[in-house]
Amino acid sequence: MSKGKGKQVEPMVLLPPMSNPSAGSANPSASLSSLWGYLLPALNHIVRSPTNSTEKAPVIDISYHMGIHTATYNYFTMQVDAVSTNREREKLTPSGTDLYEHIDKYYAEVARELLLGAPEDDSSLIHYIIPCFNRYAAGAHSVNRLLNYVNRHYVKRAVDEDKGWLTLSDIFDAVAKAIQDGDTKEKITNKLKERRTEELKKWGWDEGGTSEQLAHAESCAEAASPLDRIVPLSALALRRFRTEFMEPLLAVPKLKGNKRRKPGAHNGNAPSLPKGRLARAVRELLEKQDVDVDERRRLVTELANTMRVIGVRDGHPLRKKLDKYLLTGTV
């Protein structure tokens, strides 16, 4: 290849759509195990299949897509129809809980597998994380669309029942202090909305912004929520990437024994405290002299975006360090 022609672009190879597996006479909606057995090949194809396109997840055949939608719908309705009275229905765990928990465990397993595949060399860690997350997120968004009935039937109802990322108990204390005697129900409702808006602003939302910006901020807030909160499947996947993949890399190793820094030992000769793997990798990226400036900025931008999207809060030291570099160009 001659020098003047530049690098040859590798052609993108996409996997063919996965066909609908034969279920024979079995009914995939007859039980959770049957439904999960029907769903799992599609999930693995979309989320786990190796591909050189990190931005686009592999797809499944349209007949398989429709089959999954129908089987999921039938499974939910069969759970409800199996209960004879409204009183019995109220006592049961809401239909869809078992499937939602299976999906959550699935994403936790995938994220842990990705962590096990991380390189031991800190200098290669960020180069691994970014395409790894992009591929994972592309699969998660595809599954979110595939299983949207779970969002509409189960997640929406759970949020309406105050089980979502932001509950009344989370904001009641702050709102209660602002409530005055004589406040109408409408005023109290508005104060609750104001509190919710304050939370979303922490994730980049500005009043007057677009609906897409609002949805993005809420997705970040959902991913940052505790594991017991019910969130849409896309945010569920992002949250598991944070808890099972990113947080272990952010964790600071414990000092052996009972070693404590002595008072006043803050001079330049004092040994620095241990850092987590990702913190070490970021420090190396920012301080290495032989890294192209544009490439460094690209990596920092994508890593900062990844941390925000999966719910790492803006007060985290590493997020602050990355944001400072992007703002000022200095460490």
Side-chain angles (χ1 to χ4, degrees), residues 10 13 15 43-58 103-143 219-220 223-224 227 233-256 272-288 290-292 295-314 316-323 325-326 331:
E10 182 181 350
V13 179
L15 296 176
L43 298 184
N44 284 336
H45 180 71
I46 294 170
V47 178
R48 282 186 162 121
S49 291
T51 171
N52 66 350
S53 172
T54 60
E55 306 297 330
K56 185 175 177 62
I103 297 169
D104 187 32
K105 291 177 182 177
Y106 174 81
Y107 281 127
E109 290 173 1
V110 173
R112 285 194 289 267
E113 287 176 7
L114 295 175
L115 178 62
L116 290 174
E120 296 182 2
D121 181 13
D122 291 342
S123 63
S124 305
L125 185 59
I126 296 174
H127 293 83
Y128 172 80
I129 291 174
I130 291 172
C132 179
F133 171 73
N134 289 341
R135 171 67 183 91
Y136 175 90
H141 288 306
S142 182
V143 170
S219 176
C220 295
L227 292 174
L233 298 185
S234 55
L236 184 74
L238 297 173
R239 185 170 67 186
R240 277 302 183 181
F241 194 88
R242 171 174 59 83
T243 62
E244 309 303 317
F245 183 98
M246 191 65 77
E247 288 183 356
L249 294 176
L250 292 171
V252 177
K254 295 181 180 179
L255 293 173
K256 294 182 179 180
S272 60
L273 291 174
K275 296 180 180 293
R277 279 204 66 196
L278 187 53
R280 297 198 304 268
V282 168
R283 182 179 62 184
E284 183 172 344
L285 173 65
L286 296 181
E287 295 179 356
K288 282 185 69 173
D290 58 347
V291 179
D292 179 76
E295 174 66 4
R296 177 188 286 128
R297 188 170 188 84
R298 182 191 71 81
L299 292 170
V300 171
T301 300
E302 293 201 37
L303 181 60
N305 180 65
T306 297
M307 294 181 71
R308 180 175 64 256
V309 165
I310 64 176
V312 179
R313 298 185 181 276
D314 57 2
H316 191 281
L318 195 55
R319 266 204 64 184
K320 291 167 70 174
K321 185 169 188 168
L322 295 172
D323 291 343
Y325 176 81
L326 294 173
V331 180

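- In terms of heavy atoms, Gly139 sits closest to Ile46 at O-CG2, 3.5 Å.
- Of all heavy-atom pairs between Ala304 and Asp323, the closest is CB-OD1, 4.2 Å.
- Counting heavy atoms from C-beta outward, Phe245 and Val110 have side chains that stay 4.5 Å or more apart.
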| request: Evaluate side-chain contact (heavy atoms from CB on, under 4.5 Å) for Val47 paired with Tyr106, printing each intermediate quantity in order. | output: CA-CA 10 Å; Val47 178; Tyr106 174 81; 3.8 Å; yes
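- Distance CZ/Arg283 to CG/Leu318: 11.5 Å, rounded to 0.5 Å.
- Although no hydrogens or angles enter the test, the distance criterion places no donor-acceptor pair under 3.5 Å between the side chain of Arg308 and the main chain of Cys220.
- When atom types are taken as modelled, the side chain of Arg135 and the backbone of Ser49 share a donor-acceptor pair closer than 3.5 angstrom.
- Scanning all heavy atoms of the two residues, the minimum distance from Ser234 to His141 falls at CB-ND1, 3.9 Å.
- Rounding to the nearest 0.5 Å gives a distance of 13.5 Å between SG of Cys132 and CD1 of Ile126.
- The shortest non-hydrogen separation linking Asp314 to Lys320 is O-CG, 3.2 Å.
- A distance of 11.0 Å separates NE2 in His127 from CG in Leu303, rounded to the nearest 0.5 Å.
- For Arg298 and Glu295, the salt-bridge test passes: some basic side-chain N is under 4.0 Å from an acidic carboxylate O.
- Atoms OH and CG, on Tyr128 and Leu115 in that order, are 7.5 Å from each other to the nearest 0.5 Å.
- Using bins of under 30°, 30° to 60° and over 60° for the plane-to-plane angle, the ring pair Tyr107/Tyr136 lands in the perpendicular bin.
- Here the side chain of Arg313 pairs no donor or acceptor atom with the backbone of Arg319 at under 3.5 angstrom.
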| request: Would you sort out whether Leu227 and Arg240 count as a side-chain contact (heavy atoms from CB on, under 4.5 Å), showing the intermediate values? | output: CA-CA 9 Å; Leu227 292 174; Arg240 277 302 183 181; 3.8 Å; yes
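- By the 4.5 Å heavy-atom criterion applied to side chains, Leu286 and Val300 are counted as neighbours.
- Of all non-hydrogen atoms in Thr54 and Pro131, the two that sit nearest each other are CG2-O, 3.7 Å.
- Atoms CG and CZ, from Leu114 and Phe241 in turn, are 6.5 Å apart once rounded to the nearest 0.5 Å.
- Side-chain atoms of Ser142 do not come within 3.5 Å of backbone N or O of Ala138 as any donor-acceptor pair.
- Looking at Leu278 and Met246, their side chains come closer than 4.5 Å, going by heavy atoms from C-beta outward.
- Rounding to the nearest 0.5 angstrom, the gap separating the CG atom in Leu285 from the CZ atom in Arg296 is 6.0 Å.
- In terms of heavy atoms, Glu120 sits closest to Arg277 at O-NH2, 3.2 Å.
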